[in-house]
Amino acid sequence: MNVEKVGPVGAEITGIDLSIGNNIPTDKIIEAFLKHSVLIFKNQDLDPISLSKIALIWGQPLIHPVFKGIEGHPEIIQIQNLGEKYHTNAHWHSDVTFEKEPPDVTLLYSLEIPDEGGDTLFSNQYLAYEGLDESLREELENRTAIHSNLGVLILAGGDKKDEKEVEHPVFRTHPASQRKALYITEAFVKGIKGLDSIKSQETLGKLYEHSCDKKYIYRHKWSQGDLVVWDNRCVLHYAEHGYGGKKRTMHRITTAGSKPF
Ligand code: SIN
């Protein structure tokens, strides 16, 4: 297995066939994952059974709290944008942060890719934390942010009265590396606890801008058969559109979460 760094976050893994029946060096994969936070495996042939099995390298697959899974595989959601002017995930986020224990890891496998557009961007939130203005970092060191599922509920046609909120630290410690990462998501965060709403929105605005500075970003240009796996505890991602009405079809699995601290 070979590991090649692709940017401020992420590495491409070559020399591995992830389909069932092959010998997979799980320990080496996890070691590379903890070091690079995003792993790219190209030219993989993964049906839903294989994808679910591979996901176990990172943890138990979860059922999405709002979106329904594919037939026979409730743990796999299909992400498909066809004929839309925007991608529903075209915002910087970490997955499902409105849960008490958001998924640690996400696997995204590409089935159909348009000939242009549809890149996914990843931003390194360890570096974003470390690159923060010192006074802002001190001010926010023990603060929490309120995350809500309202946006996703509306998107899925659900009932607003099912909204729920959770509190997570603004800076999250990764349980394996013990490094801190900035942990805020524009789509799900409503405010920073203990700050008045003007100060909270102003601070969040600064954090959002900082968290996706181009010096922290790797841009993934998809090919059919790519599997990309990322660590939601220290990475934000953004699904860019830019392919008009062309087809882009992905299978996504998230794996068991842990309470951010
Ligand atoms: C996601 O935001 O989980 C999906 C990203 C993508 O479709 O590129």
Side-chain angles (χ1 to χ4, degrees), residues 6-7 9-10 12 37-42 44 46 48 51-52 54-55 58-59 61-70 73-99 102-125 147 149 151-156 183-189 208 211-212 217-257:
V6 292
V9 66
E12 183 174 340
S37 310
V38 176
L39 295 184
I40 299 135
F41 302 85
K42 297 189 82 67
Q44 301 295 324
L46 300 173
L51 185 61
S52 295
I54 285 302
W58 287 274
L62 294 173
I63 310 272
H64 195 281
V66 179
F67 299 116
K68 203 171 166 315
I70 64 171
H73 287 274
E75 74 284 11
I76 299 181
I77 59 170
Q78 179 157 296
I79 297 185
Q80 186 174 59
N81 280 64
L82 177 62
E84 291 185 16
K85 287 197 173 56
Y86 69 101
H87 189 300
T88 47
N89 292 330
H91 49 83
W92 284 103
H93 64 288
S94 172
D95 286 323
V96 202
T97 66
F98 47 83
E99 289 286 289
D104 287 345
V105 174
T106 301
L107 293 88
L108 192 64
Y109 177 65
S110 60
L111 293 164
E112 283 175 296
I113 292 300
D115 51 13
E116 55 172 359
D119 298 351
T120 307
L121 281 67
F122 296 93
S123 183
N124 186 328
Q125 297 306 289
H147 298 237
N149 64 348
V152 172
L153 271 182
I154 292 171
L155 195 66
Y183 192 64
I184 40 110
T185 62
E186 197 162 357
F188 309 134
V189 169
Y208 294 145
S211 65
C212 58
I217 292 176
Y218 161 67
R219 168 184 287 272
H220 186 68
K221 291 194 173 297
W222 292 90
S223 302
Q224 191 272 322
D226 287 358
L227 173 71
V228 178
V229 187
W230 64 85
D231 192 332
N232 285 304
R233 297 164 290 191
C234 54
V235 173
L236 291 179
H237 60 284
Y238 183 108
E240 209 170 66
H241 198 268
Y243 46 93
K246 292 179 185 159
K247 233 182 187 172
R248 179 181 186 272
T249 309
M250 321 292 264
H251 276 175
R252 190 183 94 162
I253 295 187
T254 51
T255 65

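In this text, all values refer to a predicted model and were calculated from it rather than measured experimentally. Just so you know, ligand 1 is whichever comes first in the structure, and atom 1 is the first atom listed for that ligand.
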Minimum heavy-atom distance Ser94-Phe188, with the two atoms named: O-CE1, 3.5 Å
Need the ligand 1 atom indices (1-based, order shown) with element for anything under 4.0 Å from a heavy-atom of His237. 1 (C), 2 (O), 3 (O)
So which atom in Pro61 and which in Ser52 form the shortest heavy-atom distance, rounded to 0.1 Å? CG-O, 4.1 Å
Within the structure, is a non-hydrogen atom of Ile79 found at a distance of less than 4.0 Å from ligand 1? yes
Specify whether Phe122 and Tyr218 have parallel, tilted or perpendicular ring planes, treating 30° as the upper limit for parallel and 60° as the lower limit for perpendicular. parallel
What I want to know is whether Trp230 and ligand 1 share at least one N or O pair that is separated by under 3.5 angstrom. no
Ligand 1 atoms in contact with Arg252 (distance to a heavy atom under 4.0 Å): 1 (C), 3 (O)
Arg248 near ligand 1 by a heavy-atom separation under 4.0 Å: yes
Note: Thr106, heavy atoms under 4.0 Å from ligand 1, region reported as neither
Which class fits the ring pair His91 and His93: parallel under 30°, tilted 30 to 60°, perpendicular over 60°? tilted
side-chain hydrogen bond (donor to acceptor under 3.5 Å, both in side chains) against Thr254, all qualifying residues, sequence neighbours excluded: none
Do Thr106 and Asn232 meet the criterion of a side-chain donor-acceptor pair at a distance under 3.5 Å? yes
Check this for me - ligand 1, Asn89, N or O atoms closer than 3.5 angstrom, yes or no? yes
With heavy-atom distances below 4.0 Å as the criterion, list the atoms of ligand 1 near Ala239. 5 (C), 6 (C), 7 (O), 8 (O)
How long is the gap from CZ on Arg252 to CD on Glu75, to the nearest 0.5 Å? 13.0 Å
Which of the ligand 1 atoms, numbered from 1, are nearer than 4.0 Å to a heavy atom of Thr120: 6 (C), 8 (O)
If the cut-off is 4.0 Å to any non-hydrogen atom of Asp95, which atoms of ligand 1 fall inside it? 3 (O)
